[in-house]
Amino acid sequence: MSINYDQNWNPTIIVFACNWCTYAAADLAGLNHLEYPADVRIIRTPCSGRMDPMLVLRAFNRGADGVLLSG
Amino acid sequence: MKLAYYPGCSSEGSAIEYDLSTKKTAHMLETDLQELEDWNCCGATSAHNTNKLLAQSLPARNLAIAEQNGMDLILAPCAACYNRLHSTELAARKDNALREQIQEVIDMDFKALTSTISVLEWLDGKVGIDNIKAKVTNPLKGMKAACYYGCLLVRPAGHTGFDDTEDPQSMDRIVQALGAQTVDWPYKVECCGAALATSRPEIGAKMIYDVITNAKAAGAECLVTACPLCMLNLDMRQAGTEKMFKEKLNLPIYYVTELVAIAGGASPAEVGVGKHFVEAISYLQSLPTRAAEMEAAEPKQVKKAAKAKPEESDGTPAAGEDAEALQKKIDAMIKGFNNNPDKMAARLIEDEEKAKILVEIISGDDKKIARLAELMVTDKEKATKAADAFITGELKKREKESKG
Amino acid sequence: MSKRVGVFVCECGTNIASVVDTVRVAEEAGKFPGVAFATTYKYMCSDPGQELIRKSIEEQKLEQVVVASCSPRMHEKTFRRAVAAGGINPYLFEMVNIREQDSWVHTDREQATRKAIDLVKMGVSKVLRNQPLQISTIPVTRKALVIGGGIAGMQAALDIAEGGYQVILVEREASIGGKMTQLDKTFPTMDCAA
Amino acid sequence: MVAAGQHPNIELITYAEVTKVTGYIGNFNVTIKKKPKYVDWDLCTGCGTCMEKCPNKKIKDEFELGMGLRTSIHKVYPQAVPGKPFIDAANCTKLTKGKCGVCEKICPTKAIKFDDKEEFVNKEVGAIVMATGYDLFNWEEAYGEYGYGKYPDVISGLHFERLVSAGGPTGGKIKRPSDGKEPKSVAFIKCVGSRDDTKGKSYCSRACCMYTAKHAYQVKDKIADSEAYVFYMDVRTAGKNYEEFYQRALNAGARYIRGRVSKIYPRGDRLVLKTEDSLIGRPLEVEADMVVLATAMVPATGSGELARSIGFSMDKDGFFQEAHPKLQPVETFAAGVFLAGTCQGPKDIPDTVAQASGAAAKVLGLLSKTELATEPMVSEVDINKCSGCGLCVPICPYNAITLEEIQSRNHHGPIKRNVAQVNSSLCQGCGACVPACRTAALNTKGFTDDQLVAEVDALCL
């Protein structure tokens, strides 16, 4: 399976990352210099339990192209 | 049971007897084998050494034919065919892109729905040991077989999955169901060296030699395989190996399906046993005699065990004596103990003091006398030990009493 | 609340600066609403770097601070202390991760720089809404538990006990010693294990 | 060991397991299960008469890995600390069938207690050190090529330790388990289960290279005209004096052969090892009287449940995860819980001792304070907005929220009503309560709705 998309399109992708796992994992990706597209913007949350659906709706409402919750 | 049947190229050449016996076995076990129409080579060795996609597309075409005919299971008796078909079907199930690519190459629908099974899976897993037993009319009693799985049939681990990769048992169960004995031997999954037969014959011959001598060392009188290449190698090249090592090997090799068919009533000739290079019919013919010999030898073995330790002339039963004679000897010993305890005790214990105590202990104790008499007939060393133990116990008892 | 945010962009030697145009990040940050001061420095976590933050708070009358550097899991505490040394509540501070989550995972300078600017903007918007927080305290039961009585457990228990505190050593078997007691001699000195 | 048993500051609780840990740094509450020993250790003098008289003498001794025998009432081993015996209930005829009771009759201090029960005690502590150790990889289940454990003379390194130990079942004489003969040729296979993705673990178990060198040296030292073969992938001697020790083993005549053993099978009463010498690229067959496998270290059984109950994580292999591989090697993600020894990863004795002392130093640092500063980024309740519905109470994983009655007033006058309250010592600031609150009365300081919305807006607009 492959996704075809416009190479020049820079989507806004918001990631809500739990401080203890996903945020740490993103740091670990950095430590290992694993490259990924620069469109990703990470917002640190104290725990994925802190995630309020309101925040997801807010992100889409303000024009985000994708939201990733991870924890 | 209905199975698609993929004979593979060797079934029409070097392994005709495998094909014949598989069909015969299927008939006997009421399995309907439906040979794939227009099947093609599985591509073993040559294709997967050169082109991965080709190596997967060749077997995939056969799988696709089976799929078109609505067959869930396909029987591939050859170990290499089985390996190629099975690994292709697994790879295609795991990787959708690969499956689509293969579809393009073979120009057929291919969903990887059909599963490939080996002869061992079919007999042990699908037909079942009890059902095989029920069909045996000519049990192979007297046969001592080494079940040889070879390097490929149960490997790689986590891929074939129907049996253990290091100590497989399915063929042993099948052969035992036919009435034969199987030996526990360490070379059952070692490589026979067939691939080296032409390129490095001196290494290949050593590998053949190792497999055959190891089977013989474990007590096997024949070898059973489920792989045409192992058969070809171990059977056809055995004479050359004998020459190279200047040693007569003379180990008949059978396909497991030949044995099932023969145990089910087929004649050795009709399943192609006469086509083997190492003469294999006379061993089958000798089985009834061997079975009778084995049965006759069984009670002897008990006596042999009794004779294991060399003894002085007294009380040793000569080989060939039966249980009755043994009892007579024991009775005579008991009499000896009752009539002349001092002399008997001296025969067991050198120390005079101790011998005296022994006499005191056993006098009037029929149970102890009987035990000592029996041991003296069967194993004098043990008798001495037992006598020693009686004395030590008695001494301790006395010591306690004197204190108390 | 007054809005005088200071933004400090760290170059981390070349760890950040080789991929992210830190000077441009600081320039852009200076234009964000509420930002009164923005600058870059080679190693923000170093003593001179922390001194820069402290002095800037004083000189620029900063009320909130954003540091754009490595992961907060690395140096958040360091910078909180630096901010506190500058005389403002350590929780009126936010850290922006432009190393682990930017310069180390991207190679396109333009895109990485744009991302850094976005992340700083995010940090500034957040810090404007931060409240001063006070640290409270909890009591400590001055006693330790060691689970497992092998080499590690015995050594830890002894060291803590020698330090003058009570230790409870719990062992699954009926004797302490663990696997060590099954060993014969131990290398490299070949002395007895028990 | 004796020092640990006698130190006035150490309370030993053996034959016991920690079953539950609640609380938080500085204030843990621990539940310890004491398994029944059937002997009152306060009365027992450790004289050992009961062990002599116990008629049940043929039990396989776990300490000797089944190579020796013990009685039902026994010590783990003769020099046990505390030096007192206990009854193995499964093998005691009094406890299983109600017959015997010899130990009870002869005990001079009447310490035998057949009605002993499991007992739970609670303890308050401020810090926890995990030192649960390791088990040996169960090679018998994985390595069919070495016989799945069916050849008695293929043993593990720990078996070998018992065979060379003066206190072991053979009194320190190296003898084959099968027939008690002294082996003239011993083969050692390293990395059994270690560095083997297919059948074992991907990691290196670190201690095996050195203990195998020691074993090979001991064979050469103790058995005249003996051969010691070591089959290896690499020889890793990173440690002070380690390389020198390896050279000592080589000088003693240990024969190191670089190659994996692909099969072991019997020939007569000896064992044949099929292998290769990969340095010269030749297949090899070596006959040996005994084979010793350097098996991998794996986490101790049951340690995983303990970690989960305390609330810190394990790595992919089940070892306890340190908070940072370089900077916090003895800390866990659970504040106040520290790691020592092989529970964190395979290591040898010097490293274990060093890490244990490191953990102890961390504990001492913590215990030297009477009070701890807490993270202020915790949840708080706006009691003006709280409706007292209580939805947040069961959601909190740390039991930090309770409903409390407060005096309040509405337009009719003063009333009493319930509101949620957060215990800031228990609250870990996870914020799980915030989305659950229907009236938006809860917020996590430092991560308020207002702040997170501002971040979203900053990134999107």
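Order of the sequence lines fixes the chain letters, A, B, ..., with proteins taken first and strands second; residue numbering starts at 1 for each chain. Side chains are part of it too, since the values below use all heavy atoms of this structure and drop only hydrogens, waters and symmetry mates.
The distance from atom NZ of K126(C) to atom CG of D450(D), rounded to the nearest 0.5 Å, is 11.0 Å. How far OG of S175(C) is from NZ of K84(D): 12.5 Å, rounded to the nearest 0.5 Å. The OH atom of Y15(D) lies 11.5 Å from the CD atom of E171(C); values are rounded to the nearest 0.5 Å. Taken from CE in M122(C) to CD in E455(D), the straight-line distance is 4.5 Å, to the nearest 0.5 Å. Rounded to the nearest 0.5 angstrom, E375(D) CD and L133(C) CG are separated by 8.5 Å. Note: I168(C) CD1 to I10(D) CD1 = 11.5 Å, rounded to the nearest 0.5 Å.
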Apply side chain to side chain contact (heavy atoms under 4.5 Å, CB included) to the pair I349(D) and I151(C), showing each step before the final yes or no. CA-CA 8 Å; I349(D) 294 173; I151(C) 297 178; 3.6 Å; yes
Applying side chain to side chain contact (heavy atoms under 4.5 Å, CB included), run through I176(C) and L12(D) and close with a yes or a no. CA-CA 9 Å; I176(C) 56 169; L12(D) 273 189; 3.7 Å; yes
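Heavy-atom distances place the backbone of Q134(C), and not its side chain, under 4.5 Å from chain D. Interface remark: Y242(D) contributes side-chain atoms only to the contact with chain C (heavy atom separation under 4.5 Å). Neither the backbone nor the side chain of T342(D) comes within less than 4.5 Å of any heavy atom in chain C. Only the side chain of D348(D) comes within contact range of chain C, with at least one heavy atom under 4.5 Å from a heavy atom of that chain. Heavy atoms of Q355(D) lying under 4.5 Å from chain C are absent altogether. Of the two parts of A361(D), neither the backbone nor the side chain holds a non-hydrogen atom closer than 4.5 Å to a non-hydrogen atom of chain C. In this structure, the portion of E62(D) lying under 4.5 Å from any heavy atom of chain C is its backbone and not its side chain. With a threshold of 4.5 angstrom between heavy atoms, V353(D) approaches chain C through its backbone and through its side chain. L306(D) touches chain C through its side chain: at least one heavy atom from C-beta onward sits under 4.5 Å away, while N, CA, C and O do not. V76(D) touches chain C through its side chain: at least one heavy atom from C-beta onward sits under 4.5 Å away, while N, CA, C and O do not. Contacts between K35(D) and chain C at a heavy-atom distance below 4.5 Å involve the side chain alone, from C-beta outward. Neither the backbone nor the side chain of Y246(D) comes within contact range of chain C, judged by heavy atoms closer than 4.5 Å.
For the set M130(D), K369(D), M210(D), K123(D), the entry with the most heavy-atom pairs within less than 4.5 Å of chain C is M210(D). With respect to chain C, the highest number of heavy-atom pairs below 4.5 Å among T352(D), N241(D), V164(D), T132(D) belongs to V164(D). Note on V124(C), L169(C), L119(C), D118(C): by heavy-atom pairs under 4.5 Å with chain D, the leading option is L169(C). Contact tally against chain C (heavy-atom pairs below 4.5 Å) for A373(D), A300(D), A340(D): the top residue is A373(D). Counting heavy-atom pairs closer than 4.5 Å to chain C, the top-ranked of the candidates V2(D), V21(D), N27(D) is N27(D). For the set S424(D), A360(D), G168(D), the count of heavy-atom pairs under 4.5 angstrom toward chain C peaks at A360(D). No other option in Q166(C), R172(C), E94(C) has as many heavy-atom pairs under 4.5 Å with chain D as R172(C). Contact count against chain C (heavy-atom pairs under 4.5 Å) is highest for F86(D) among Y217(D), F160(D), F86(D).
The number of heavy atoms from other shown groups lying within 6.0 Å of NZ (K222(D)) is above 12. Heavy atoms from other residues, nucleotides or ligands lying under 6.0 Å from NZ of K37(D) number more than 12. Around the CG atom of D47(C), the shell of radius 6.0 Å holds no more than 12 heavy atoms that belong to other residues, nucleotides or ligands.
At least one side-chain heavy atom of Q182(C) sits less than 4.5 Å from a side-chain heavy atom of L65(D). Using a 4.5 Å heavy-atom cutoff, the side chains of M377(D) and Y91(C) are in contact. In this structure, the side chains of Y211(D) and T186(C) stay at 4.5 Å or more apart for every pair of heavy atoms. Looking at K185(C) and E161(D), their side chains never come closer than 4.5 Å, going by heavy atoms from C-beta outward. Looking at heavy atoms from C-beta onward, Q218(D) lies in side-chain contact with D184(C) at the 4.5 angstrom threshold.
Scanning residues 154-165 of chain C against chain D with a 4.5 Å heavy-atom cutoff picks out M154(C), Q155(C), A156(C), A157(C), L158(C), D159(C), I160(C), A161(C), E162(C), G163(C), G164(C), Y165(C), ordered by number. Below 4.5 Å, heavy atoms of chain D meet heavy atoms from I138(C), P139(C), V140(C), T141(C), R142(C), K143(C), A144(C), L145(C), V146(C), I147(C), G148(C), all part of residues 138-148 of chain C.
Salt-bridge annotation for K179(C) and D135(D): present, with a side-chain N of the basic residue lying under 4.0 Å from a carboxylate O of the acidic one.
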